[in-house]
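Here the structure is laid out as structure tokens; the discussion comes afterwards.
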Amino acid sequence: MCGIVGYTGSKQAAPILLEGLARLEYRGYDSAGIAINDGDKINVVKAMGRLAVLCEKSNGGAAAPGCIGIGHTRWATHGKPSDANSHPHVSENGRIAIVHNGIIENYASLKEMLVNRGRVFKSETDTEVAAQLIDYYYNGNILEAVSRAVRELEGSYALGVVCADEPNTIVGVKSHAPLIVAYSDDGNFFASDVMAVISHTKTVTYLEDDEIAVVRNDGIKFYTPFLDEIKKEKCIVDWDISAADKCGYEHYMYKEIMEQPDAVRRTIEPYISDGRVDLSAVLDRDYVKKLNRIFIAACGSSYHVGVIAKYNIEKLARVPVEVVLASEFRYCDPIVDQNTLVICISQSGETADTLEAQREAKRLGAATLAIVNVEGSSIAKSADKVIYTKAGPEIAVATTKAYSTQLAVTVLIALYTAECCEAIPDSEYDKILSELLSVPEKMLKILDDKANIQYLAYQHFNNEDLFFIGRNIDYALSLEGSLKLKEISYIHSEAYAAGELKHGTISLVVDDTLVIAVASYGRLVEKTLSNALEVKARGAHVMGITTESLKQKVGAVTDEIITIPDTHEVLLPSLAVLPLQLFAYYVALYRGCDIDKPRNLAKSVTVE
Ligand code: F6R
């Protein structure tokens, strides 16, 4: 949700900022802009549309001389995408320029105060208000002006600020939005995340809320809101540039689908030793025994992981699990006490709704466990305990490898909880664990056999409406299959519990409606097939997704079929999600969609 980056050093800033913005574009791509201090004044170049437009307008940065500057890529909130609403925003006198990620909730009253004092505004944004406010308090010291102004801001913000009168300084400050600073031999940076600077340095510092960083050529200093200087640790990021590059693939999404076997292996390995799952570092065994309920709060695909986890944890451990959309958790008056565990699942670790759900859970006295992919992210930092998924940077807006690693972690939790609660026979436990360890290999097999999925995508890419049906975990997985298709191919689709379709929605099924029946769960396959026959009787064309051993049975009913290797039922979604991801990918490819950056979306949703 908006990416910001800043650089000051010995090199020309603009090309470095444009490169950083290219790596942050997944956070928003409605418009982009840079502001460069040329030593005398601040020059701003900005443009509506993708970063490529800005690159052309600034001649790859060559048209903007100067060694210090800030940049922004936008996901519009206040004011539609336009040149005027693009960042950076400058104060009326051109002295202050800022970039902003977040939402300033009290911008209207601040704007009114500034207008009453004669300030004139050019945009509809909340950000311009912050620029004018900083300038209003400017009295020859940009650090003091920023610290004074942010005391009046309500909402969420990560700000990067430059001042024409102080050509060696960038000030960064954050509250409820991510901000890092980074160090290199050729200069120093601030950015929304590590991705923006990874080609220059792996040495970073994560800022906490309300801390202020002053970034200069020769070093970075940190301050409290009241300007007492503080010391902060440097960290070394443990992945390299290839993790953030396409490495020859046409799309990040495809690369990330292919990375899933390794990502799952990396994620589960640290928690398995001597044939047992050991999560005691994050979940005390005695505490787990006393659990009366688990809540899972998450959004989008991470929520879909929660829906599968509910089935699996309840099945194996017999502990009640409620899955709640994070945006609803705060408002559903959850019944929570000290024996309730609230698990928040998030790839980015910055999703505002999930972060707020976690805060609410803590406020109500529950223990919180976060399953997060991005180290140092807000959700990771504010949880009592964290399990990191080791998916590596996920850049395509549509999640794939983060989803798979989250799902694998929930299986670890199901097994561990089941063992702590003495709810699972040893033989069953051993079978599931050994199958979990073979998931990466079975995933590879599906990825190798993708030609059939590509062929089926070609047959169906012109459909405008389709349904996914399934029961139990197959239904939970259908939710993800449907979302994947919708978000990247813009085809309307719905996921239905197979038995529910006949209670109304079946009226939409007509000749040639495509229905994808996820029928991998052996116990309920006959039931799902009956529902498939019901839609076939109304003219639908049915594609089945099933296991090798159910292939004949399912294939006898469906018009076409995709198979996955057999595995334990708990792990079926871990395999069956791959054909759904690939199907969505190929359909979007044949439709000519912008797969990595679907319209209206952004990867990290930092607004509620
Ligand atoms: C869909 C997708 C989103 C995210 C959701 C939560 O492909 O990626 O639905 O799952 O926005 O994001 P995180 O997991 O970062 O909290």
Side-chain angles (χ1 to χ4, degrees), residues 1 3 26-28 75 176-178 192-193 195 251-254 256-257 260 263 267 296-309 323-329 342-359 368 370-383 386-389 391-407 409-410 476-490 493 495 577-578 580-585 588 593-608:
M1 203 105 308
Y26 72 93
R27 299 179 71 93
W75 188 83
H176 303 300
S192 296
D193 68 41
M195 200 80 74
H251 297 102
Y252 280 112
M253 182 178 176
Y254 188 77
E256 288 161 7
I257 289 173
Q260 291 179 103
T267 299
I296 300 179
C299 305
S301 295
S302 298
Y303 168 82
H304 296 158
V305 169
V307 183
I308 296 174
V323 195
V324 188
L325 289 165
S327 53
E328 292 292 315
F329 183 83
V342 177
I343 302 178
C344 287
I345 307 178
S346 175
Q347 185 284 129
S348 61
E350 300 295 345
T351 302
D353 290 321
T354 311
L355 182 59
E356 288 309 323
Q358 186 169 271
R359 288 198 175 119
T368 55
I371 302 173
V372 174
N373 195 42
V374 178
E375 290 201 25
S377 56
S378 306
I379 293 171
K381 282 196 290 196
S382 85
V386 187
I387 297 178
Y388 282 109
T389 48
E394 193 180 61
I395 295 164
V397 164
T399 184
T400 51
K401 60 178 179 170
Y403 175 95
S404 287
T405 53
Q406 292 166 349
L407 201 53
V409 169
T410 65
L477 182 63
S478 296
L479 295 169
E480 178 62 5
S482 173
L483 177 62
K484 223 60 325 159
L485 189 71
K486 274 186 275 220
E487 66 181 325
I488 63 169
S489 74
Y490 314 142
S493 81
V577 71
L578 267 59
L580 295 177
Q581 295 166 345
L582 284 165
F583 183 75
Y585 173 81
C593 297
D594 190 347
I595 292 179
D596 286 337
K597 298 187 193 105
R599 71 179 174 222
N600 301 340
L601 294 176
K603 181 95 185 138
S604 169
V605 186
T606 53
V607 294
E608 280 182 68

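Just so you know, residue 1 is the first one in the sequence shown, and it goes up from there. Atoms within a ligand are numbered from 1 in the order they appear, just like the ligands themselves.
Under the ring-ring contact (aromatic ring centres under 6.0 Å, His included) criterion, Y585 pairs with H251, Y254, sequence neighbours left out. Residues meeting the side chain to side chain donor-acceptor pair (under 3.5 Å) test with Q358, sequence neighbours left out: S382. S302 pairs by the side chain to side chain donor-acceptor pair (under 3.5 Å) definition with Q406, not counting sequence neighbours.
Separating the CH2 atom in W75 from the CZ atom in R27 is a distance of 12.5 Å, to the nearest 0.5 Å.
Enumerated by chain and number, the residues approaching ligand 1 to less than 4.0 Å through a heavy atom are C299, G300, S301, S302, S346, Q347, S348, T351, V397, A398, T399, L483, K484, E487.
Judged by distance alone, the side chain of K484 and the main-chain N or O of A584 form no donor-acceptor pair under 3.5 Å. No donor-acceptor pair under 3.5 Å is formed between the side chain of Y252 and the backbone N or O of I595.
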